[in-house]
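Inspection log for the structure reproduced underneath, given as structure tokens.
Sequence positions, counted from 1, serve as the residue numbers for this chain.
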Amino acid sequence: RSTQSRSSAASDVYKRQPQNNPKQRANVLASDFGWDKDQARTVWAFGPNSTGANILVDMTLGVQNMNEIKDSMDRAFQWFTEEAVLCGENLRATRINLIDLSLIHI
């Protein structure tokens, strides 16, 4: 599920302070852009190229072992935001919320 609310402005937070920690970023996203602080703390990635105007937010509740897939999700997000779904063009100003997930270990 994706929404286009305020993600391009929120990516400015990353561009202004690329070294900021999640708590500082959450405070800026909440105070300057109206995000919920809990959701702002769970930003996983900006894309494309880790600095773009698209944001991947982990909104899952009670899903275990999420750190096992974080790198893979980030790589997939980077690819998706660079190539998008139409014509291979960059995705712009989109927030993608990861709501639920089932991990299957083989």
Side-chain angles (χ1 to χ4, degrees):
R1 185 168 121 186
S2 66
T3 59
Q4 286 196 314
S5 64
R6 304 179 189 201
S7 60
S8 61
S11 71
D12 291 339
V13 173
Y14 185 86
K15 291 176 185 176
R16 288 186 303 201
Q17 300 175 348
Q19 303 302 322
N20 65 357
N21 68 37
K23 286 184 181 181
Q24 290 173 329
R25 182 174 55 226
N27 288 335
V28 172
L29 288 171
S31 64
D32 294 354
F33 303 109
W35 282 42
D36 178 75
K37 268 194 176 183
D38 292 331
Q39 291 178 7
R41 285 189 186 112
T42 61
V43 171
W44 267 12
F46 292 89
N49 304 318
S50 299
T51 59
N54 305 295
I55 298 176
L56 177 62
V57 181
D58 174 19
M59 295 181 59
T60 60
L61 299 173
V63 178
Q64 296 179 2
N65 304 318
M66 289 296 287
N67 287 333
E68 289 182 16
I69 65 159
K70 190 171 183 177
D71 289 339
S72 297
M73 290 292 293
D74 182 38
R75 283 192 300 272
F77 180 72
Q78 297 304 321
W79 173 78
F80 174 72
T81 56
E82 189 168 342
E83 299 297 323
V85 293
L86 296 173
C87 304
E89 296 179 0
N90 285 355
L91 192 64
R92 296 296 305 160
T94 301
R95 173 180 165 170
I96 297 179
N97 297 325
L98 182 59
I99 307 252
D100 195 15
L101 177 72
S102 296
L103 294 176
I104 300 171
H105 296 278
I106 298 176

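Distance check: Asn67 CG to Met73 CE gives 12.5 Å after rounding to the nearest 0.5 Å. Taken to the nearest 0.5 Å, the CD1 atom of Ile96 stands 10.5 Å off from the CD1 atom of Ile55. A distance of 11.5 Å separates CZ in Arg75 from CD1 in Ile69, rounded to the nearest 0.5 Å. Distance check, rounded to the nearest 0.5 Å: CG of Asn90 to CD of Glu83 gives 8.0 Å. With rounding to the nearest 0.5 Å, the separation of OG1 in Thr42 from CE in Met66 is 9.5 Å. A distance of 13.0 Å separates CG in Asp100 from CG in Asn97, rounded to the nearest 0.5 Å.
Contact detail for Ala26 and Ala40: the closest heavy-atom pair is CA-CB, 3.6 Å. A pairwise comparison of heavy atoms in Arg95 and Val57 identifies NE-CG2, 3.7 Å as the closest pair. Minimum interatomic distance between Ala53 and Arg92 (heavy atoms only, all atoms of both residues): CB-NH2, 3.7 Å.
For Asn49 (side chain) and Thr51 (main-chain N/O), no donor-acceptor pair under 3.5 Å exists by modelled atom type. Not a single donor-acceptor pair under 3.5 Å links the side chain of Ser50 to the backbone N or O of Gly47. With hydrogens and angles ignored, the 3.5 Å screen pairs no side-chain donor or acceptor of Asn65 with any backbone N or O of Glu68. Between the side chain of Asn54 and the backbone N or O of Phe46 there is no donor-acceptor pair closer than 3.5 Å.
Residues Lys70 and Asp74 fail the side-chain proximity criterion, which asks for heavy atoms closer than 4.5 Å. In this structure the side chain of Trp44 reaches within 4.5 angstrom of the side chain of Leu98, judged on heavy atoms.
Within 6.0 Å of CG on Leu61 lie no more than 12 heavy atoms contributed by other residues, nucleotides or ligands.
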Take Trp35 and Val43, measure what side chain to side chain contact (heavy atoms under 4.5 Å, CB included) needs, and give me the verdict at the end.
-> CA-CA 11 Å; Trp35 282 42; Val43 171; 3.8 Å; yes

